[in-house]
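One structure is given below, encoded as structure tokens.
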Amino acid sequence: MTMLTEKVDTEFLAAAPQCKVVDNMAVGYDNVDVPVLIEHNVLLTNTPDVLTETTADLVWALILATARRIVEGQKTIEADDWKTWSPMFMVGQDVFGATLGIVGAGRIGAAVAQRATGFNMSIIYYNRRPVPALEAQIGATYCQDLDTLLTEADIVVTLVPLTDSTRGMFGAREFALMKPTAPFINAARGPMVKEMELYDALQHGRPWVAGLNVFEQEPIRADHPLLSLPNVIAVPHIGSATVATRTRMATVAATNLVAALTRQAVPNAVNPEVL
Ligand code: DGY
């Protein structure tokens, strides 16, 4: 049973030659070299669905915290820098009625969009292909290309899985397309963002602020340049971190493993072809 902290590759399998199943306690499995597993006839399982709503809640926590400067507000009080109420003191950006741009309209993206309807938002999304259900049920509009989403969205959220084609997909060029008022939220995987280019972009105010749950190197260290910026909110990869959800993930992972080892139908097989 692995976590996203384990790199499962040729070297891993060489050290565990009898391994039959890699049971990843996460929905994402970019820590696993799937072609290598297939080559060695090793089954991979994951834990989808049970973390969808909890992760969508965390995305929303970051949307609201970034748009309304919640962490900066707390720090201001703690530093005794709140001198008086004044009209433009700590002003943020509206969320209600804004346009939410979701990059990656899988299960978590759809759950984030669902919540946005309560904020009366226009929802636009970019995905490998359109998701008709999202359009019919939530009124989301498909963007043919990422650039259109980035220029039109008031708030950008990325939720795509990390693959060779999404690695580094957000860099200086993409940030320059965003509105100077836009929060940028990454709750997927760190390597999708070129972090030093995000650092430069934030210093120039585009995006306006970043809410980051994931990082190129985890754990991110306290002396990382991004953390020196006032317009960054960072949390330590806690998308699915509630007691109930982590318990469900562990239970699903255990169920997958027992099913695989006792040759029953495996609920969440990523590479069922090896069966
Ligand atoms: C996942 O499951 O992929 C998350 O990143 C950890 O919950």
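As the structure lists them, so they are numbered: ligands from 1, and atoms in each ligand from 1. All values derive from a computational prediction rather than experimental measurement.
- Within the structure, ring pair (Phe, Tyr, Trp, His ring centres under 6.0 Å) pairs that include any residue of residues 253-275 do not occur (at least two apart or interchain).
- Using a 4.0 Å cut-off between heavy atoms, Leu4 contacts ligand 1 through its side chain alone, with no backbone atom that close.
- If you look at Thr55 next to ligand 1, there are no close heavy atoms at all, none under 4.0 Å.
- Residue Met25 places every heavy atom at 4.0 Å or more from ligand 1.
- Side chain to side chain, His224 and Gln217 fail the donor-acceptor criterion of an N or O pair below 3.5 Å.
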Please evaluate residues Arg115 and Glu53 with respect to the criterion salt bridge (charged side-chain N to carboxylate O under 4.0 Å, His left out), reporting the C-alpha separation (whole Å), side-chain torsions for both, the decisive distance (0.1 Å), and the verdict. CA-CA 10 Å; Arg115 285 157 178 72; Glu53 302 301 341; 2.9 Å; yes
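- The line from CG of Leu150 to CZ of Phe175 is 9.0 Å long, rounded to the nearest 0.5 Å.
- Checked by atom type and distance alone, the side chain of Asn231 never pairs as donor or acceptor with a backbone atom of Val209 at under 3.5 Å.
- Summary of contacts: the protein heavy atom closest to atom 2 (O) of ligand 1 is Val27 N, 2.7 Å.
- Listed by atom number, the atoms of ligand 1 under 4.0 Å from Met249 heavy atoms are 7 (O).
- Using a distance-only test at 3.5 Å, with no hydrogens or angles considered, no donor-acceptor pair links the side chain of Asp30 to the main chain of Thr163.
- The distance from ligand 1 to the heavy atoms of Leu51 drops below 4.0 Å at these ligand atoms: 2 (O), 7 (O).
- Of all heavy-atom pairs between Leu149 and Tyr126, the closest is CD1-N, 3.6 Å.
- Of all atoms in ligand 1, numbered sequentially from 1 with element shown, those under 4.0 Å from a heavy atom of Ala26 are 1 (C), 2 (O), 3 (O).
- Per-residue contacts place Gly28 under 4.0 angstrom from the following atoms of ligand 1 (heavy atoms of the residue considered): 1 (C), 2 (O), 3 (O).
- Counting atoms of ligand 1 from 1 in the listed order, those under 4.0 Å from a heavy atom of Arg189 are 1 (C), 3 (O), 4 (C), 5 (O).
- Among all protein heavy atoms, the one lying closest to atom 7 (O) of ligand 1 is Ser240 OG, 2.6 Å.
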